[in-house]
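One structure below.
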Amino acid sequence: MTPNLNMFSLEGKTALVTGANTGLGQGICVAYANAGANVIGVARRSCEDTAAKIAAFGGSFQEVIADLSDIAVIPQIVAQAQKAFGRVDILVNNAGIIKRCDAVDVSVEDWDSVININERMVFFLSQAFAKGWIEDNKGGKIINIASMLSYQGGIRVPAYTASKSAIIGLTRELANEWSKHQINVNAIAPGYMETNNTENLRKDEQRSEEILGRIPAGRWGTPEDIAGAAIFLASEAASYVHGFTLAVDGGWLAR
Ligand code: NAD
């Protein structure tokens, strides 16, 4: 039998991706538009780079400007997304921040800022879309962006590790509650990827060499490397995949 690759198509779907102006979020937006989706990019700043990359192949993209550090923006995001393309079918909780600091020196402000964006917003934005999906009974897809620090402790990043470890648990919990409504909640755990998030690590020659030496694939990942997993989890091909976190890490976790 010839496999029906249409199951991977996102034609006719609308995807909302947070943190769409740079890095992995931008990569996911481009991949989704390429797979046929209308894409809504949410970001604090203009997503002009992302829009230009998508316009280059005639894809469909609109931005929503919002600061994701405060859940009060959620109704506005939902309303603007609906106005742009009607029903949102896919939510990617990608926006995230990292603050590097010895655990003994972490301030309450820094702790809260990381947890607010990486964890609190992920839950309440997911809740907002899932409510609509349960009401209209047409299902939906949620993809959370986890991390290697969802599995490992890391060092000098206690709030980040706490938030990314929470993402794996939350992904499982929400899948347990929402799978019966045809809502797939899954996550992707990127390895060490070349984005702003890892700029300081890559600048530190010693840390950079240590990290690279541990990656079986022998190179840092790129936003393009995450495209296949992100499309798969957003597509009909993943309809029976629930509560799972897929690592895209060049083999890091296998070591
Ligand atoms: P990045 O810094 O380029 O992207 C972070 C995105 O989040 C940006 O688009 C930024 O605008 C957005 N963002 C941050 N604070 C925001 C706010 N208050 N309001 C709105 N948007 C906000 O880095 P990235 O690597 O592309 O990060 C994307 C996700 O991937 C994050 O959740 C990060 O933790 C995760 N991740 C990255 C790596 C890596 O190696 N780069 C590894 C594992 C996980």
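First listed ligand is number 1; within each ligand, the first listed atom is number 1. Note that the structure is a prediction, hence the values are computed from the model and not measured. Computed from heavy atoms alone, side chains included, the values below leave out hydrogens, waters and symmetry copies.
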Polar atom proximity, R45 to ligand 1 (N or O, under 3.5 Å): no
On a heavy-atom basis, which atom in T245 and which in A146 lie closest, and how many Å separate them? CG2-CB, 4.1 Å
N or O contact, Y160 vs ligand 1, cut-off under 3.5 Å: yes
Of the protein's non-hydrogen atoms, which lies at the shortest distance from atom 11 (O) of ligand 1, and what is that distance? N21 OD1, 3.0 Å
Would one find an N or O of M193, backbone or side chain, under 3.5 Å from an N or O of ligand 1? yes
salt_bridge(D204, R100) N-O dist < 4.0 Å: no
Under a 4.0 angstrom heavy-atom cut-off, which atoms of ligand 1 come close to T198? 39 (C), 40 (O), 41 (N)
So, is D67 polar-close to ligand 1, with some N/O to N/O distance under 3.5 Å? yes
Before signing off on this row, confirm whether L68 and ligand 1 have an N or O atom pair separated by under 3.5 Å. yes
Atom 3 (O) of ligand 1: which protein heavy atom is closest, and how many Å away? T22 OG1, 2.9 Å
Salt bridge or not between K99 and E109? Use side-chain N to carboxylate O under 4.0 Å. no
Less than 4.0 Å between a side-chain N and a carboxylate O, is that true for E210 and R214? no
S113 and I97, any side-chain heavy atoms less than 4.5 Å apart: yes
Is there any N or O on Y192 that sits under 3.5 Å from an N or O of ligand 1? no
In the protein, what heavy atom is nearest to atom 12 (C) of ligand 1, and what distance, to one decimal place, separates them? G19 CA, 3.7 Å
